[in-house]
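The structure under discussion appears below in the form of structure tokens.
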Amino acid sequence: FGTFVATTKARNAYLTPQDPDHDEVLAHISDRYVASVIDDLDLLKTNVDERAAHAGGHMYAIRRAQDDMITDTLWNSGAVDLGPGDGVSLSVDHMLALLQDMDEDEVPNDGQRFVCVSSPVFNQMIRFPEFSEAEYIGTDGIFGKQAVTAKQWMGATWLTYHGTPRSADGATRLARPLKKQPSYAADKAAWKSAKIHHCFAWHRNDLGWAEQAAPSTSVALENLMAGHSIVTKAAGGSAVLDLDGVRAFTVDLNGAAAN
């Protein structure tokens, strides 16, 4: 959706209606399923709600898959990279430059900016006094007061996600380790040793999620299996709505100290 421009008019003159751009954006819808079966008699042998445990695990897997779909969209967006890049360590100046670049492109600074980084990168950030100490951010924003999964700083929400892309060479994306996969052990070793982390920033209005079917779970008794089948499914897809509001932010954890 395009933008408007405020104008003036002469007394008793007519205003000129503005017609903002309306562009179509393609979001590829992808179906996701999780299924499991619980033996009916097993429900008599435990003191926990097995069906609720399965349903909760299903929902986590679905949401994780959807997060990965959004990450894939950001990775393939071609957004300009404002991170310190290869060979240079992260500094507060890089974080401020990221937000400043969004300011200069007139990306609204209205509390709806988000920056998603990996946990190792976030752990570097909290070592910066300007990001974590009360002398800079006040007592409401300090760490340790409550469980923190996201942090407000300089008008943006900084959050962590373990699935942000990683690479060994800055270009070739590593496969994220997924349990149940034959390559899990090798993927996990490569993932943990990777020092180049690809993070992203965006405005809420510039990254979209098309939800064709919200996640839902159904439970049915399968008589011939003498068990309960549990199926969770969802359909959706993500797309960049305006590339001006999206940034990449590559961090090298082995980088030398910034000048």
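Considering only heavy atoms from C-beta on, M154 stays 4.5 Å or farther from N109 through its side chain. Contact of the D252 side chain with the P84 side chain is not registered, since no non-hydrogen atoms from C-beta on lie closer than 4.5 Å. With a 4.5 Å cut-off on side-chain heavy atoms, E222 and V37 do not count as touching. The closest side-chain heavy-atom distance from L253 to V121 is below 4.5 Å. For the pair V115/M95, no side-chain contact is recorded, criterion being any heavy-atom separation below 4.5 Å from C-beta on. No side-chain heavy atom of Y161 sits less than 4.5 Å from a side-chain heavy atom of F122. Residues W209 and I70 are in side-chain contact: their nearest non-hydrogen atoms beyond the backbone lie under 4.5 Å apart.
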Report task. Give the C-alpha distance, both sets of side-chain angles, the deciding distance and a yes or no for side chain to side chain contact (heavy atoms under 4.5 Å, CB included) between I38 and R51. Result -> CA-CA 8 Å; I38 305 172; R51 283 169 290 196; 3.8 Å; yes

Report task. Give the C-alpha distance, both sets of side-chain angles, the deciding distance and a yes or no for side chain to side chain contact (heavy atoms under 4.5 Å, CB included) between R247 and M102. Result -> CA-CA 8 Å; R247 300 291 187 278; M102 299 180 82; 4.0 Å; yes

Query - Residues M125, V117; criterion side chain to side chain contact (heavy atoms under 4.5 Å, CB included); working and verdict - result: CA-CA 10 Å; M125 290 178 172; V117 303; 3.8 Å; yes

Report task. List the steps and the verdict of side chain to side chain contact (heavy atoms under 4.5 Å, CB included) for F249 and L90. Result -> CA-CA 10 Å; F249 192 70; L90 178 67; 3.6 Å; yes

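Here the side chain of S238 pairs a donor or acceptor atom with the backbone of M69 at under 3.5 angstrom. Looking only at distances, no side-chain donor or acceptor of W153 sits under 3.5 Å from a matching main-chain atom of S132.
Each side-chain hydrogen bond (donor to acceptor under 3.5 Å, both in side chains) pair with one or both residues in residues 12-22, not counting sequence neighbours, would appear here, but there are none. Here salt bridge (charged side-chain N to carboxylate O under 4.0 Å, His left out) pairs that include residues 52-81, with residues two or more places apart or in two chains, are D68-R176, D72-R173.
Taken together through direct or relayed side-chain contacts under 4.5 Å among Ile, Leu, Val, Met, Phe, Trp and Tyr, L82 and V107 form parts of separate hydrophobic clusters. Under a hydrophobic clustering in which Ile, Leu, Val, Met, Phe, Trp and Tyr are joined whenever their side-chain heavy atoms come within less than 4.5 Å, directly or via other members, F200 and V246 fall into the same cluster. V219 and Y60 are members of different hydrophobic clusters when ILVMFWY side chains are connected at heavy-atom separations under 4.5 Å. Transitive grouping of hydrophobic side chains (ILVMFWY, heavy atoms separated by less than 4.5 Å) keeps L241 and L74 in distinct clusters. In the hydrophobic cluster analysis, where Ile, Leu, Val, Met, Phe, Trp and Tyr join through side-chain heavy atoms closer than 4.5 angstrom, W158 is grouped together with I126.
The nearest pair of heavy atoms linking D31 to A235 is OD1-CB, 3.2 Å. Closest non-hydrogen pair, P215 versus M59, comes out as CB-SD, 3.5 Å.
We find the CG-CD distance between D105 and Q100 to be 11.5 Å, quoted to the nearest 0.5 Å. Taking NZ from K151 and OG1 from T157, the interatomic distance works out to 11.0 Å, rounded to the nearest 0.5 Å. Between the CG atom of L98 and the CG atom of D93 there is a distance of 12.5 Å, given to the nearest 0.5 Å. Taking CG from D23 and CG from D242, the interatomic distance works out to 9.0 Å, rounded to the nearest 0.5 Å.
Ring geometry for F114 versus W202: interplanar angle under 30°, hence parallel rather than tilted (30 to 60°).
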Just distance, no hydrogens or angles: give the donor-acceptor pairs under 3.5 Å from side chains in residues 184-196, sequence neighbours left out.
residue : atom : partner : partner atom : Å
D187    : OD2  : S183    : OG           : 2.8
S193    : OG   : A189    : O            : 3.0
S193    : OG   : A190    : O            : 3.1

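If you check the side chains of D110 and H203, you find a donor sitting under 3.5 Å from an acceptor. T217 and H58 are not linked by any side-chain donor-acceptor pair at a separation below 3.5 angstrom, with hydrogens and angles left out of the test.
Evaluation of the ring pair (Phe, Tyr, Trp, His ring centres under 6.0 Å) rule for H198 yields W75 as partners, not counting sequence neighbours. With sequence neighbours left out, the side chain to side chain contact (heavy atoms under 4.5 Å, CB included) criterion links S216 to K233. Every residue meeting the side chain to side chain contact (heavy atoms under 4.5 Å, CB included) condition with K45, not counting sequence neighbours, appears here in chain and number order: L41, D42.
Counting heavy atoms of neighbouring residues, nucleotides and ligands inside a 6.0 Å radius, atom CD of E104 exceeds 12 of them.
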